[in-house]
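The structure under discussion appears below in the form of structure tokens.
It should be emphasised that the depicted structure is a prediction, and the values quoted were computed from it without experimental measurement. Each chain gets a letter, A, B and so on, in the order the sequences are listed, and its residues count up from 1.
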Number of protein chains: 2
Amino acid sequence: MMRCESGEHDHHDVYSALCPCRDVLDLLANKWSALVIGALEAGPQRFGALQRHLQGVSPKVLTQTLRRLEDAGFLDRTIYPAVPLHVEYALTSLGQSVTVPLALLRTWVEQHVDQIKL
Amino acid sequence: MMRCESGEHDHHDVYSALCPCRDVLDLLANKWSALVIGALEAGPQRFGALQRHLQGVSPKVLTQTLRRLEDAGFLDRTIYPAVPLHVEYALTSLGQSVTVPLALLRTWVEQHVDQIKL
DNA sequence: CTCCTTACTTCCCAATAGATAGTAATCCTC
DNA sequence: GAGGATTACTATCTATTGGGAAGTAAGGAG
């Protein structure tokens with residue numbers, strides 16, 4: 001049973017209650033987070049484009065999701081003070097790196113949804 | 001922009017609001033679901049063992065998670081009417097199949113948690 | 001001065017998460 | 001045979017989160 005310490009040799013374990021892994025998993029293992037990160041795989045996107053891409057997301061929930069991902073360092077928010085206002089969201093290198101497992105999860109869902117009775 | 005239909009040639013898209021993919025993604029892209037499925041990778045487990053493995057989960061939330069995963073066909077619930085009562089949870093073949101993307105997500109988190117400021 | 005666009009906030013309610021405590025069945029101990 | 005132990009839940013209550021609808025701000029066009 002691994003503990004989660006902050007020493008020289010860190011043993012991180014998502015199964016440990018106090019490990020920061022838990023918070024990270026909670027952030028990423030989320031419908032909208034997975035979709036936002038996937039949408040930005042193709043390149044930087046503006047708020048409106050994301051909202052259209054993620055059909056059915058409300059502006060409030062999209063803002064929340066973007067802020068959380070930005071605060072954790074998964075994406076950058078750039079404001080272009082043009083008129084009308086222009087805000088662009090782009091993946092950081094950390095964000096790029098997490099697209100791999102998230103894309104696999106999304107494609108798994110699309111490929112197996114027929115086998116799932118809901 | 002792909003639609004999500006139920007015809008001869010299905011085009012499933014997690015980005016489509018009405019696609020059942022959304023519900024499946026919502027079920028799987030969840031902290032406790034990812035941890036439960038990961039815990040069962042090693043083989044069938046009983047309720048108590050799962051509760052100890054997933055440190056910090058309450059019995060109510062664990063039951064909810066198990067029921068949802070069972071209803072969707074990711075795991076089987078077997079009751080052994082021994083004394084004391086004995087209930088075993090095991091992955092179905094569908095459940096086995098989804099362990100792959102979920103394990104990748106969990107290990108990504110454990111490997112990159114140091115780079116994330118929370 | 002009003003309309004339009006973009007990108008959000010604010011407000012409110014409903015659904016979910018989570019902690020704590022209790023239940024049921026059956027044996028084992030004293 | 002009363003009380004405790006064990007396993008797997010259920011019930012209850014509260015706090016947090018999710019989500020929809022509407023409102024706000026900034027600035028240019030007409």
Mark yes or no for whether [X], through its side chain, and [Y], through its backbone, hold a donor-acceptor pair below 3.5 Å.
{"X": "Glu110(A)", "Y": "Val14(B)", "answer": "yes"}
{"X": "Ser16(B)", "Y": "Asp13(B)", "answer": "no"}
{"X": "His112(B)", "Y": "Trp108(B)", "answer": "yes"}

How close or far is atom [atom2] of [N] from atom [atom1] of [X], stated in whole angstroms?
{"X": "Gln45(A)", "N": "dT6(C)", "atom1": "CD", "atom2": "P", "answer": "15 Å"}
{"X": "Leu27(A)", "N": "dA17(C)", "atom1": "CG", "atom2": "P", "answer": "16 Å"}
{"X": "Leu62(A)", "N": "dC8(C)", "atom1": "CG", "atom2": "C1'", "answer": "10 Å"}
{"X": "Asp26(B)", "N": "dT17(D)", "atom1": "CG", "atom2": "C1'", "answer": "13 Å"}
{"X": "Leu35(B)", "N": "dA17(C)", "atom1": "CG", "atom2": "P", "answer": "14 Å"}
{"X": "Gln55(B)", "N": "dA19(C)", "atom1": "CD", "atom2": "C1'", "answer": "17 Å"}

Distance, nearest 0.5 Å, that separates CZ of Arg46(B) from CZ of Arg52(B):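 Here the interatomic distance stands at 8.5 Å.
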Gln64(B) side chain, from C-beta outward: closest of dG20(D), dA17(C), dG18(D):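 From the listed options, dA17(C) comes nearest.
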Axis-to-axis angle between the two ends of the helix from dC1(C)-dG30(D) to dC30(C)-dG1(D) (five base pairs per end, rounded to 10 degrees):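 Computed angle between terminal axes is 30°.
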Geometric class of the Tyr80(A)/His86(A) ring pair [parallel <30°, tilted 30-60°, perpendicular >60°]: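 Taking Tyr80(A) first and then His86(A), their aromatic rings stand perpendicular (interplane angle over 60°).
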Heavy-atom pair of closest approach, residues Leu54(B) and Arg22(A):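 Taking every non-hydrogen atom into account, C-NH2, 4.0 Å.
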Close side-chain approach of Val87(B) and Thr78(B), heavy atoms under 4.5 Å: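 SC-SC contact between Val87(B) and Thr78(B) ruled out.
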Sub-4.5 Å side-chain heavy-atom contact between His12(A) and Val109(B):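 No; the side chains remain at least 4.5 Å from each other.
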Any Lys31(A) side-chain nitrogen or oxygen under 4.0 Å from OP1 or OP2 of dG19(D):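 The answer is yes; a side-chain N or O of Lys31(A) sits under 4.0 Å from OP1 or OP2.
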Phosphate contact (dG18(D) OP1 or OP2) by Trp32(A) side-chain N/O below 4.0 Å: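 Checking Trp32(A) against dG18(D): no side-chain N or O falls below 4.0 Å of OP1 or OP2.
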What does the list of N/O pairs under 3.5 Å between the protein and nucleotides 8-15 of chain D look like, with a distance for each?
residue : atom : partner  : partner atom : Å
dA8(D)  : OP1  : Arg46(B) : NE           : 3.1
dA8(D)  : OP1  : Arg46(B) : NH2          : 3.4
dA8(D)  : OP1  : Val87(B) : N            : 3.1
dA8(D)  : OP2  : Gly48(B) : N            : 3.1
dC9(D)  : OP1  : Arg77(B) : NH2          : 2.3
dC9(D)  : OP2  : Tyr89(B) : OH           : 2.8

Identify every side-chain donor-acceptor pair in residues 63-77 of chain A under 3.5 Å, counting partners at least two apart or on other chains, and give the distances.
residue  : atom : partner  : partner atom : Å
Thr63(A) : OG1  : Pro59(A) : O            : 2.8
Thr65(A) : OG1  : Val61(A) : O            : 2.8
Arg77(A) : NE   : Tyr89(A) : OH           : 3.2

